[in-house]
Amino acid sequence: MRFRKELSAMVEQIPEGMVSTYGDIARAIGDVVASRTIYSLLQEEWDGGLPIHRVVTSRGEAALSRYLQMLKEEGVPVENRKVRNLKDHLFKDFKSERILAKLREKQEELASKVSLEDGFKRVRTVGGIDVAYKGDSAFAACVILDVEKMKLVEERRLSGKVTFPYVSTYLSYRELPMIKKIFKRLKTKPDVLMIDGNGILHPRRIGIASHAGLELNVPTIGVTKRLLLGKLGKTPKKIGDFSSIIHEGCVLGMALKSSKSDRYVFVSPGHMISMKSALDLSRKLCFHRIPEPTRRAHRMATELRNKRTG
DNA sequence: GCGACAG
DNA sequence: ATCTTGTCGC
Ligand SMILES: [Mg+2]
């Protein structure tokens, strides 16, 4: 979308002789979780006129030492490789579109529409989607598997560009556009779609799998390799064992010991599926740590990228 | 210094 | 997620 534009609009506003922090700019844009993303983005190449040297850490540290020299020349006190008395030099009066706050409102609205009832009778086919990246180039892959025979029914690849960065809890806005495009090109719509990301296991109960389910009107399951939030009720020990993932007093997902590895996979319903069905189907599809649909999609996406880039 | 927040 | 070489184990 227009994340970079919004970011540069913030940095532009910091006047000579003042500074801001990655966290304050993230808050100005609408959510402090974006601070790390903003830090990374400001390390990249920007228009020479943009005063990225005026953005420092909350401890007053600059990304490059020459930025400190520039700040000193602009009248900002520097001591010990840091901005001295940071609080006295912080620019606070940002004019902002608050795009992340707006996206968060959209998420809350969507979250109220998520259904945790099975929206299918029997599951004959399951789809898996994943996206690989090279800079702002995206490479998506989708597979449709016959659950009984575990045979490939259809495969699809698609490359494109991304404009939105990865921001934790806003993954949809980076990855969903490619997912929607590739899904719409399928000849066979799967009974259930498995996505490499969370379903309701999300602070607003609307991870990318739930979001995708709503926008594509298909039952979805979210599966991740790392836990976004919540605590395990117990510690699964044997293959096939699982534990609830509890957050704010709610069971939002299941941690599944899907292989010999000590690392779990984290399953949550996306949309039009129950917790039980999401778990049952995930267990059935785990021949390796990662369930087969997303595992194959991940391999295909990476393969496509390597073929197209090198 | 530690903990940490999917992909 | 990506950046990266060889290496250990099934
Ligand atoms: Mg992925």
Side-chain angles (χ1 to χ4, degrees), chain A residues 3 22-23 26-27 31-41 43-44 57-59 61 100 103-104 107 111 128-141 159-180 182 194-213 220-232 239 245 247-248 252-256 259-270 278 282 287-291 294-295 297-306 308-310:
Chain A
F3 193 97
Y22 302 107
R27 273 183 283 268
D31 198 327
V32 69
V33 298
S35 56
R36 284 189 310 173
T37 302
I38 288 167
Y39 173 85
S40 315
L41 285 174
Q43 308 302 306
E44 296 175 5
T57 71
S58 61
R59 296 177 297 283
E61 299 154 341
L100 289 183
L103 294 180
R104 196 164 60 246
Q107 287 182 323
I129 294 188
D130 197 18
V131 185
Y133 299 93
K134 175 82 175 186
D136 62 356
S137 295
F139 305 88
S159 54
K161 293 282 185 185
V162 285
T163 58
F164 202 89
Y166 170 69
V167 181
S168 180
T169 72
Y170 297 86
L171 173 61
S172 295
Y173 298 101
R174 175 173 178 77
E175 201 153 294
L176 196 49
M178 287 299 289
I179 290 178
K180 286 171 70 173
I182 198 169
M194 192 170 268
I195 289 180
D196 186 21
N198 289 309
I200 63 170
L201 184 53
H202 182 278
R204 293 171 286 283
R205 319 294 192 260
I206 182 81
I208 189 169
S210 300
H211 200 146
T220 51
I221 300 175
V223 180
T224 66
K225 301 171 281 300
R226 298 191 301 181
L227 187 59
L228 173 62
L229 53 79
K231 300 286 181 206
L232 304 203
I239 295 176
I245 300 165
H247 179 70
E248 294 173 342
L252 298 185
M254 293 288 175
L256 173 61
S259 71
K260 288 196 325 194
S261 167
D262 290 330
R263 304 177 60 199
Y264 305 127
V265 290
F266 306 97
V267 176
S268 57
S282 299
F287 304 101
H288 304 275
R289 183 166 86 103
I290 308 299
T294 42
R295 179 172 172 269
H298 185 272
R299 282 200 49 215
M300 274 183 57
T302 303
E303 195 176 87
L304 175 65
R305 179 197 60 204
N306 293 344
R308 302 285 272 266
T309 63

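Letters A, B, ... are given to chains in the order of the sequence lines, protein chains preceding strands, and every chain is numbered from 1.
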Side-chain touch Phe287(A)/Arg295(A), heavy atoms, less than 4.5 angstrom: no
Upstream residue (5' side of DNA chain C) when Arg305(A) and Lys260(A) are each assigned their closest nucleotide: Arg305(A)
Do Tyr133(A) and Glu175(A) have side-chain atoms, one donor and one acceptor, less than 3.5 Å apart? yes
Arg204(A) charged N/C atom sitting above Tyr170(A) aromatic ring, 6.0 Å / 45°: yes
Chain A on DNA chain C: first and last contacting nucleotide, 5' to 3', under 4.0 Å to a heavy atom? dA1(C) to dC3(C)
Distance-only, no hydrogens or angles: does the His288(A) side chain make a donor-acceptor pair with backbone N or O of Ile290(A) under 3.5 Å? no
Look only at the side chain of Arg174(A) and the backbone of Phe164(A), and say whether a donor-acceptor pair between them is shorter than 3.5 Å. yes
With heavy-atom distances below 4.5 Å as the criterion, would you say the side chains of Ser282(A) and Val265(A) are in contact? no
5' to 3', nucleotides 2-7 of chain B under a 4.0 Å protein heavy-atom cut-off (B base, S sugar-phosphate only, - none) gives ---BBB
Thr37(A) side chain to Tyr166(A) backbone, donor-acceptor under 3.5 Å: yes
Tell me which one of Val267(A), Leu201(A), Asn198(A), Leu229(A) satisfies side chain to side chain contact (heavy atoms under 4.5 Å, CB included) with Ile245(A). Leu201(A)
